[in-house]
Amino acid sequence: MPDNPDARLLTVARRRQTDVARRRYTRTAGEVHIQLMAEELEDAATNPEAIPDRRLALMFACAHPAIEAGMRAPMILQTILGLTAMDIAAAFLIPPATMGQRLVRTKTRIKDAGIPFAIPEREDLPGRLDAVLEAIYAAYAKGWTEIGDTAADRLADEAIWLGRLVVSLLPEEPEAKGMLALMLYAEARRPARRDTKGLYVPLEQQDIALWDEPQVMAAEALLRAANRGSPTGRYQIEAAIQSAHIARRVTGRANWPTIIALYDVLLQLTDSPVVILNRAAALAERDGPEAALTSLDTIAADKRMADYQPYWAARSHFAARAGHKDEAHKALTTAIGLSTDEAVRQYLSGQRAALNDG
Amino acid sequence: MRYMLLIHQNEAELAKAAPEAWQAPAADYAAFTEALVKAGGSPGERLQPTSAATSVRIRDGKTDVLDGPYSDTKEQFAGYFTIDVPDLDQAIAWAARCPSAKFGVIEVRPIRVQTGAKA
């Protein structure tokens, strides 16, 4: 990390910000606010002492309770990290045009309602922090999925940097530590996610020697520190799931019963189809592929799953293992069609070819 | 920024309350109004209940007069006050101090700045 990460990150954010502003601010009056936020960032740049606070203050303005809950994280992604409406729409499973309109409306609202750029009072912090963490994690997830793209790698770096910033400014918040741990677990495995030919390698087949040990240790330490605080939230649980996964480093096998138990706790907190999907993968390991398929049937009717690539990839994987060749073939074809990453597409095509041969 | 805080409360529920139940809120309101004025706010006005309201509109050049409020809602618009504060958080703090917030709802609305007179 450079000596002055604040300034570096700010430059990146400002550059993106200016691009966004240049592209769009002439379109509607609401876009004036982008300009205003760009000026805020500019001010912060000339006053290095205030930089971390200033960026955090901007994030908290976006996470204000007077903003519709579903728009808080998207606003942070656009104004702080400069993501496009299309990228944000994909991350939140919402049509891009709808997301674009909502972002414009929200910006207008921040300005018109007089929402302040300030770190909230202690008592208001927990509720507001959720949206800030959600946005940072969504940015990381975006940078994580698009592995070959250097701009995406940089986005992952920025997300981790923001995570560290939140942890350093709010050291008493266990969920901030939990989220940073979660990102570091994922980051530690980055070198193992592609083989020497650039092909996708699923988690359970990754070469443990390629996992970044210092990052793993940092994640484990953060998770322990987070667990000393209370209450336990989704990021600590997700980080604990990662910790149970990488227990393979020591025991040779991921701790599936613990992983399933942690997903059960997570389901009580979030009720998300993505959690059911991830839990099904652990179920397949503990109880076999039929149990996983039965679990996936409970979310099959969810409209958001229709074009969610990981759902179809998982479905095909379990069906193939259960010997349902036709279903596996159909699901694989859908998954290939929905993939945006070339390495993943090739991996899945390989799976489909193996299915036809076997 | 200037904000108008619009007080909405359930008239029917409040009408059912015994007169002595009003003593505490009345004292609270007096204290609130004093603090508000000290902070440069305006205590605004309290309205008669919607049973005294009349709604007027002109359609096709014809004046249409109806008894009752503009819209039938569970809570009714009952009064307002204004405050000049730097941001929404402080306006929200004033809304929370208003005694009606305990039994009704306070809507916080920024007052539109006249064009040419930017705040």
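Computed from a predicted structure; not experimentally measured. In what follows, chains are A, B, ... by sequence order, proteins preceding strands, each numbered from 1.
- Shortest non-hydrogen contact noted between A:A113 and B:P110 is CA-CG, 3.6 Å.
- Contact annotation for residues 68-99 of chain B against chain A (heavy-atom separation below 4.5 Å, listed by residue number): B:D87, B:L88, B:D89, B:I92.
- Residue pairs meeting the salt bridge (Lys or Arg N to Asp or Glu O under 4.0 Å) criterion with at least one member in residues 50-66 of chain B, sequence neighbours excluded, do not occur.
- The side-chain hydrogen bond (donor to acceptor under 3.5 Å, both in side chains) check on A:D302 picks up A:R304, with sequence neighbours excluded.
- Contacts with chain A (heavy atom to heavy atom, under 4.5 Å) involve no residue of residues 27-45 of chain B.
- Shortest non-hydrogen contact noted between B:M1 and A:K111 is CE-O, 4.4 Å.
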